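Everything numeric in this text was worked out from a predicted model, so none of it was measured. Every chain is numbered from 1 and lettered A, B, ... according to where its sequence line falls, protein lines coming before strand lines. Heavy atoms only: backbone and side chains are in, while hydrogens, waters and symmetry mates are out.
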4 protein chains.
Amino acid sequence: MPKLPPKRLESRRQAILEAAERAFARDGFHGTSMQNICREAGISPGTLYLYFPSKVALIAGLCERDRNEIKAALIEVENAPNILEALEDMLVHYACVEPHERRALMFEIGAEALRNPDIAKLMTETDDAFTAMIRATVVGAVDAGRIKPHGDIDTIFDLLSALGDGILWRATLRPDLDHRNSIRRIFALVRQQLLTSTTDTPLACPA
Amino acid sequence: MPKLPPKRLESRRQAILEAAERAFARDGFHGTSMQNICREAGISPGTLYLYFPSKVALIAGLCERDRNEIKAALIEVENAPNILEALEDMLVHYACVEPHERRALMFEIGAEALRNPDIAKLMTETDDAFTAMIRATVVGAVDAGRIKPHGDIDTIFDLLSALGDGILWRATLRPDLDHRNSIRRIFALVRQQLLTSTTDTPLACPA
Amino acid sequence: MPKLPPKRLESRRQAILEAAERAFARDGFHGTSMQNICREAGISPGTLYLYFPSKVALIAGLCERDRNEIKAALIEVENAPNILEALEDMLVHYACVEPHERRALMFEIGAEALRNPDIAKLMTETDDAFTAMIRATVVGAVDAGRIKPHGDIDTIFDLLSALGDGILWRATLRPDLDHRNSIRRIFALVRQQLLTSTTDTPLACPA
Amino acid sequence: MPKLPPKRLESRRQAILEAAERAFARDGFHGTSMQNICREAGISPGTLYLYFPSKVALIAGLCERDRNEIKAALIEVENAPNILEALEDMLVHYACVEPHERRALMFEIGAEALRNPDIAKLMTETDDAFTAMIRATVVGAVDAGRIKPHGDIDTIFDLLSALGDGILWRATLRPDLDHRNSIRRIFALVRQQLLTSTTDTPLACPA
DNA sequence: CATGAATGAGTGTTCATTCAT
DNA sequence: CATGAATGAACACTCATTCAT
């Protein structure tokens with residue numbers, strides 16, 4: 001029987017999560033104390049623990065929030081006229097448009113997942129959902145004859161998954177490089193050699 | 001003015017580094033205390049600080065040691081008859097043969113690089129050296145007519161770099177998947193669609 | 001100016017006290033939080049503080065309740081045909097029949113009394129009432145010629161008081177020993193050497 | 001390989017234990033923070049944890065120290081010409097001569113034993129050693145014909161154990177009463193009715 | 001009367017680092 | 001060169017209590 005309306009509680013929860021994200025992004029997970037987060041959120045430690053039972057729970061909360069965000073982004077990709085283009089835009093967004101801190105945080109959550117099974121589970125689920133969704137969309141496009149894969153479709157998926165993760169990793173660890181340009185060129189290559197759109201101009205035989 | 005012979009000093013340093021690596025791999029960077037490392041190395045804290053000025057310096061030391069190891073591995077790749085095959089083997093080695101802890105540590109060093117410019121510099125240098133080396137080798141092979149790139153050579157390099165990093169990332173975060181098989185198939189695809197060996201049986205035109 | 005009928009208030013008070021006792025007995029005074037008690041009682045902290053102004057007040061409440069219980073037990077002793085037998089039964093009850101948690105709680109209340117004068121006062125009053133009552137009863141029996149004390153009657157009382165407290169202390173701290181048997185034998189000895197019932201078979205002179 | 005001489009370490013340990021005792025006696029076990037103890041001992045928290053691994057370990061240390069003290073006291077009792085007199089003096093010492101805080105601390109250690117098996121074990125061992133020693137001494141005196149028990153010797157022991165504990169309990173919880181006088185009278189009664197010294201003037205038959 | 005969200009000082013404990021020996 | 005005792009700020013987390021609703 002909550003005294004405050006549920007909406008108030010939920011918005012408070014979100015505000016705390018955002019404060020935690022700012023603090024984590026600024027100082028890193030291990031460099032951020034609960035007191036820091038409290039100060040950032042303008043609340044007391046007691047209140048913080050009313051909403052999140054532990055520091056790890058904050059990371060889990062952020063992880064879940066990201067998961068929801070990615071799911072939403074995926075639905076957009078799903079409905080896009082050109083799936084490769086949509087994926088490319090999504091990658092540019094996370095690799096270049098979002099601030100560096102955002103990627104750093106993602107990286108640290110990954111590191112945390114290596115030691116914490118709960119976080120690992122959240123990440124695994126997100127990853128699986130992502131892959132399954134892309135696969136369904138592309139397979140649909142292939143079946144509809146709008147895309148032609150050059151090679152085993154499963155292998156192309158594995159390659160694309162690794163490619164996406166690798167681009168994000170490099171965007172995080174090598175902020176000095178021009179990833180936007182790199183992504184554009186890589187995707188052009190993918191379109192040419194791995195997943196040809198049949199509605200585009202036909203490609204010359206590579207041999 | 002060291003009074004001990006430099007060899008003795010250096011071997012001590014290496015022993016400490018190895019102890020640190022064991023401890024970090026077991027408990028994570030933030031889960032390992034300097035006392036743990038001392039116990040693992042069989043020395044006192046005072047002695048540890050004689051060889052390494054801080055905990056981060058240990059990570060930097062490990063990072064540098066890894067860099068040297070990778071450079072050695074690269075030279076092997078450089079001299080290999082088939083560069084793609086050598087790269088593939090190297091990837092299988094780091095993604096599947098080396099124990100999971102090794103990858104986890106690499107990941108944590110990456111996370112540390114995000115907060116520490118010294119570590120970042122070490123990683124960047126290693127990455128650049130790696131890329132430059134691969135590029136030189138492949139370009140040599142292309143010029144010699146032993147390999148034929150299907151597309152812009154720089155783009156292929158970017159793709160391969162991201163692909164390699166992504167495969168390692170996935171091997172670290174998704175230890176439940178069969179990465180060995182995945183790598184084999186991806187490299188077959190790469191050989192077919194991106195970097196064809198002219199000494200192999202010519203490929204059929206994919207279109 | 002209470003608006004609820006006093007009975008309702010009082011029964012609520014008792015219910016809270018019982019919940020607190022359960023929680024204290026389970027986890028100890030210092031191991032029990034006010035939130036635990038609230039959960040046990042099915043009320044909110046605000047309500048708890050409406051009935052008891054502090055955590056110590058709960059202990060005081062329990063102490064007072066115990067006092068009333070002991071007073072009731074004393075009246076039974078007072079009316080018993082054989083006072084020593086009644087005392088013995090009472091001791092067996094508190095030392096062996098009641099669950100260990102009950103004694104532990106009594107012990108913890110004692111510890112609290114050492115730091116809190118209010119609690120100390122309650123305990124002292126109970127102790128005095130107890131002693132006075134026993135004394136009156138026994139003196140009555142002596143005057144009536146039903147019991148014959150072997151020695152100074154005040155000293156026998158002091159000994160009996162200490163004996164009773166000591167038996168309870170030992171029953172609390174040494175739950176591994178057989179206190180029931182011990183009490184039976186001690187009381188037989190007391191009857192033989194300290195307080196002889198003249199209605200029983202006369203005792204032989206111990207010398 | 002301790003750098004400091006073992007004596008220095010041990011004296012430091014003892015100094016910390018004494019500081020802890022002062023603090024516990026003043027404010028109670030749960031009312032004393034580790035910081036308080038550090039201030040009292042003039043050391044830092046880190047140093048405190050170098051000597052004692054936890055707060056409970058401090059209580060255990062005090063408990064063990066008390067045990068040794070009691071053992072020493074017992075040896076004196078053992079060698080005393082009149083064992084009952086020696087026991088009486090020992091009781092007077094702990095009940096009346098030692099400061100109230102000492103008893104309060106003993107009480108709190110008892111309370112802690114109810115929740116902590118390690119402490120309970122220490123207390124049980126001390127108690128058993130105490131009882132065994134007294135029994136051996138008294139049985140020796142009985143066999144030598146210097147003391148004559150009036151009743152079953154085991155029962156007399158149980159009664160004496162409970163009596164001693166009860167006197168200490170009462171001395172702790174009722175500091176307002178005159179325990180010295182009470183003990184003198186109780187022991188006189190014991191000598192008269194339970195354990196007669198055959199070297200003293202023979203007692204008249206109580207009947 | 002009752003609620004429960006909010007508080008914030010306080011808890012026991014850790015750990016990277018220093019320095020006298 | 002090596003030691004290890006000592007440090008003390010910092011940590012994640014708790015809990016008796018309050019008060020606006």
Residue [X], side-chain atoms from C-beta onward, closest of [options]:
| X | options | answer |
| --- | --- | --- |
| P45(B) | dG8(F), dG4(F), dT17(F) | dG4(F) |
| L50(A) | dA6(F), dA2(E), dA5(E) | dA5(E) |
| Y51(A) | dA12(F), dA5(E), dT3(E) | dA5(E) |
| S54(A) | dT17(E), dC13(F), dT3(F) | dC13(F) |

Calculate the interatomic distance between [X] atom [atom1] and [N] atom [atom2]; express it in whole Å.
| X | N | atom1 | atom2 | result |
| --- | --- | --- | --- | --- |
| I16(A) | dA5(E) | CD1 | C1' | 11 Å |
| Q35(B) | dT17(E) | CD | P | 12 Å |
| L48(B) | dT18(E) | CG | C1' | 13 Å |
| L58(D) | dT11(E) | CG | P | 15 Å |
| Y49(A) | dA12(F) | OH | P | 7 Å |
| E40(C) | dC15(F) | CD | C1' | 18 Å |
| L9(A) | dT3(E) | CG | P | 17 Å |
| E10(A) | dA5(E) | CD | P | 14 Å |

#### Entry: Pair partner, dG8(F) [Watson-Crick or wobble, under 3.5 Å]
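Pairing partner: dC15(E).
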### Message
My understanding is that a pair needs two contacts under 3.5 Å, Watson-Crick or G-U wobble. By that rule, which nucleotide pairs with dA20(F)?
### Response
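Across any shown strand, dA20(F) pairs with dT3(E).
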### Message
Please classify the nucleic acid contact of M34(D) as base, sugar-phosphate, or nothing, using heavy-atom distances under 4.0 Å.
### Response
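Base: the residue M34(D), judged by heavy atoms under 4.0 Å, touches a nucleobase.
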### Query
Base, sugar-phosphate, or nothing for S33(A), non-hydrogen atoms under 4.0 angstrom?
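Sugar-phosphate contact only.
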### Residue mapping more 5' on DNA chain E - nearest nucleotide basis, K55(D) or H30(B)
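By nearest-heavy-atom nucleotide position, the 5'-most residue is K55(D).
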#### Entry: 5'-most by nearest nucleotide on DNA chain E - T32(D) or R12(C)
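Going by which nucleotide is closer to the 5' end, it is R12(C).
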### Task
Mind checking the CD-OG spacing from Q35(A) to S44(A)? Nearest 0.5 Å is all I need.
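Answer rounded to 0.5 Å: 9.0 Å.
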### Query
Ion pair present between R102(A) and E69(A), side-chain N to carboxylate O less than 4.0 angstrom?
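The answer is yes: the pair qualifies as a salt bridge.
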### Message
Can you tell me if T47(D) touches the phosphate of dA5(F), counting only side-chain N or O atoms and a distance under 4.0 Å to OP1 or OP2?
### Response
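Checking T47(D) against dA5(F): no side-chain N or O falls below 4.0 Å of OP1 or OP2.
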### Query
Can you find a side chain N or O atom of S44(A) that sits less than 4.0 Å from OP1 or OP2 on dG8(E)?
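Checking dG8(E) against S44(A), no side-chain N or O comes under 4.0 Å of OP1 or OP2.
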#### Entry: Earlier contact from the 5' end, DNA chain F, for F29(C) and I43(B)
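Nearer the 5' end of the strand: I43(B).
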### Query
On the ring face of F24(D), is K55(D) found with NZ or CZ under 6.0 Å from the centre and within 45° of the axis?
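Here K55(D) fails the 6.0 Å and 45° test against F24(D).
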### Query
Short question: side chain of E108(A), backbone of F29(A) - any donor-acceptor pair under 3.5 Å?
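Looks like yes, one N/O pair under 3.5 Å.
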### Query
Taking N36(C) for the side chain and S33(C) for the main chain, is one N or O donor matched with an acceptor at less than 3.5 Å?
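Such a contact is found between N36(C) side chain and S33(C) backbone.
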### Query
In terms of ring plane angle, is the pair F107(A) and F107(B) parallel, tilted or perpendicular, where the classes change at 30° and 60°?
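The arrangement is tilted - the two ring planes meet at 30° to 60°.
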